[in-house]
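What follows is one structure encoded as structure tokens, with my remarks underneath.
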Amino acid sequence: MSTLVTGVAGFIGMHTAKSLLSKGHHVVGIDNLNHYYDPRLKKARLTQLESFDEFSFLETDFATQSFVEEFTETHPQIDQVIHLGAQAGVRNSIDKPQDYMKSNLSGQLNILEYCRNLIEKNNNFKKLIYASSSSVYGANAKIPFSTNDRSDHPVSFYGATKKACEVMTHSYASLYKIPSIGLRFFTVYGPWGRPDMSPYLFTKSILDGEEINVFNNGNMRRDFTYIDDIVDGVIAALEKNLSDCANIAPHKIFNLGNNKPIKLMDYIRIIEKACSKKANLKLLPMQPGDVLETFADIEHSTEELGFSPKTNLDEGIPRFVEWFREYHK
Ligand SMILES: NC(=O)c1ccc[n+]([C@@H]2O[C@H](COP(=O)([O-])OP(=O)(O)OC[C@H]3O[C@@H](n4cnc5c(N)ncnc54)[C@H](O)[C@@H]3O)[C@@H](O)[C@H]2O)c1
């Protein structure tokens, strides 16, 4: 089985590729190693994969106009695609919407076009899995967030691009019968995590004795999901049979969250405990584009994918802090 993983030098991409390689898959990974955050972390993640003989890496930008033709020419035999590459980050999408337009919208279209070409050339093509986000739920007041709820009023441009990815994919699944699954991730954390996300930012500030920015005075709740649970969900999605919806559009969307939201202040206490040090809190107002609460309804994902997150924050955060200390010496 030959799998393309986009965004392979990213947080979720690296862990997903590692899991597939450990199961004996052949993985082609692509990433443009952009500077949204320190590319040295991306390169260090890649070193985790380079020891596998079945791994190959190509530094390329999947959002350029020439990508589809060139990549189809060089890689016509891919069996399944896991599209995790994107411009991530809610707050940055306020300052740099063009980056999101390019990587998330042109990028998604290119990956869809590539899958369309693969279907035409390769009868064995199995599936496209792609990353969506809890951000599509915007300011939904009804919790937990269910895939049956409306998701057409995002409050960040990032969320808008992720919703657009879902509807673009639906049209391609309908037109070209590309079996596709979108996964709405809910705040993923763990070793090798992203430096723009709160587990990393808070741990760094606590260990350095710096102030932590706590938005909306801490009155927020987040559904944190440990990376290994997310990877299990991605692998389960690869195995999911979509024949029940094949006549319409072979496309389904699932929430991958922990289903156990935690108050921001309680979460900070867990990081303090793992760091054995008190945080210095700076209480701030709500940020534009942020939401008060994320809370995943995973009933549908449990039923159809067997998704059942196992790691709670009391276990996951110490593992993250241990990795952080080791990585940053
Ligand atoms: N981490 C989370 O909590 C979370 C939550 C919801 C959704 N997501 C989504 O999951 C996916 C993976 O997220 P992540 O946390 O691993 O992010 P990440 O930023 O660590 O990884 C994304 C990778 O994609 C690469 N990339 C971006 N644009 C590219 C392009 N045009 N061409 C080639 N490579 C490109 C980046 O260099 C990066 O290495 C993204 O789609 C993200 O939007 C993540």
Side-chain angles (χ1 to χ4, degrees), residues 4-18 28-46 49 57-68 71 82-90 92-93 96 98-111 114 129-137 145 154 156-166 169 182-201 222-227 229-231 233-234 253-258 291 294 296 316 320:
L4 170 67
V5 178
T6 75
V8 75
F11 169 40
I12 304 175
M14 180 277 274
H15 284 282
T16 303
K18 198 169 180 183
V28 176
I30 61 172
D31 202 297
N32 66 354
L33 303 177
N34 67 44
H35 287 232
Y36 169 56
Y37 58 80
D38 191 347
R40 284 174 300 182
L41 175 58
K42 298 181 181 185
K43 287 181 183 152
R45 290 193 190 114
L46 286 178
L49 305 174
F57 174 68
L58 184 68
E59 186 175 338
T60 185
D61 184 335
F62 54 66
T64 59
Q65 244 185 345
S66 56
F67 173 82
V68 181
F71 203 73
I82 305 181
H83 180 40
L84 299 170
Q87 179 55 57
V90 169
N92 183 56
S93 72
K96 297 202 165 151
Q98 294 293 350
D99 292 354
Y100 292 72
M101 195 78 185
K102 186 172 177 236
S103 277
N104 300 5
L105 300 182
S106 299
Q108 185 83 6
L109 175 60
N110 281 353
I111 294 299
Y114 173 62
I129 307 290
Y130 67 96
S132 185
S133 164
S134 60
S135 301
V136 300
Y137 292 110
F145 297 157
S156 67
F157 189 64
Y158 168 70
T161 63
K162 287 292 175 182
K163 181 66 193 177
C165 288
E166 293 182 358
T169 305
L183 299 172
R184 293 177 178 168
F185 299 142
F186 282 65
T187 319
V188 189
Y189 76 101
W192 298 97
R194 268 181 22 218
D196 61 328
M197 293 186 69
S198 70
Y200 193 110
L201 292 167
R222 284 285 176 278
D223 199 354
F224 290 95
T225 324
Y226 191 67
I227 183 66
D229 291 322
I230 288 290
V231 171
V234 175
I253 291 174
F254 296 99
N255 284 339
L256 292 190
N258 199 25
V291 294
T294 60
F320 169 75

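Remember, it's 1-based here, ligands and their atoms both numbered in the order they're listed. For reference, positions follow the sequence shown, starting with 1.
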Check your understanding: Under a heavy-atom criterion of less than 4.0 Å, does S132 contact ligand 1?
Key -> yes

Point to revise | Heavy atom of the protein closest to atom 39 (O) of ligand 1 (residue, atom name, distance) | key: D31 OD2, 2.7 Å

Study note, to complete from the structure: Logged contact type for K102 with ligand 1, heavy-atom cut-off 4.0 Å, is neither

Check your understanding: Which option, I12, V234, T225, N32, owns the non-hydrogen atom nearest atom 33 (C) of ligand 1?
Key -> N32

Point to revise | Set of side chain to side chain donor-acceptor pair (under 3.5 Å) partners for K102, sequence neighbours left out | key: D61

Review point. Got the closest protein heavy atom to atom 40 (C) of ligand 1, with its distance?
Key: L84 O, 3.3 Å

Point to revise | Of the listed options Y130, Y37, F185, Y189, closest to atom 5 (C) of ligand 1 (non-hydrogen atoms) | key: F185

Study note, to complete from the structure: heavy-atom search around atom 15 (O) of ligand 1 in the protein gives R194 NH1, 2.9 Å

Review point. Any N/O of Q87 closer than 3.5 Å to an N/O of ligand 1?
Key: no

Check your understanding: So, does G107 sit close enough to ligand 1 that a heavy atom of it is under 4.0 Å from the ligand?
Key -> no

Exercise for review: Can you pull out the closest protein heavy atom to atom 21 (O) of ligand 1? Residue, atom name and distance to 0.1 Å, please.
Suggested key: G10 CA, 3.3 Å

Review point. Between P199 and Y189, which heavy-atom pair has the shortest distance, and what is it?
Key: CG-CB, 3.7 Å

Review point. Going by heavy atoms, is T64 under 4.0 Å from ligand 1?
Key: no

Practice item. Determine whether any heavy atom of M197 lies closer than 4.0 Å to an atom of ligand 1. Key: yes

Exercise for review: Work out whether the distance between some heavy atom of I30 and some atom of ligand 1 is less than 4.0 Å.
Suggested key: no

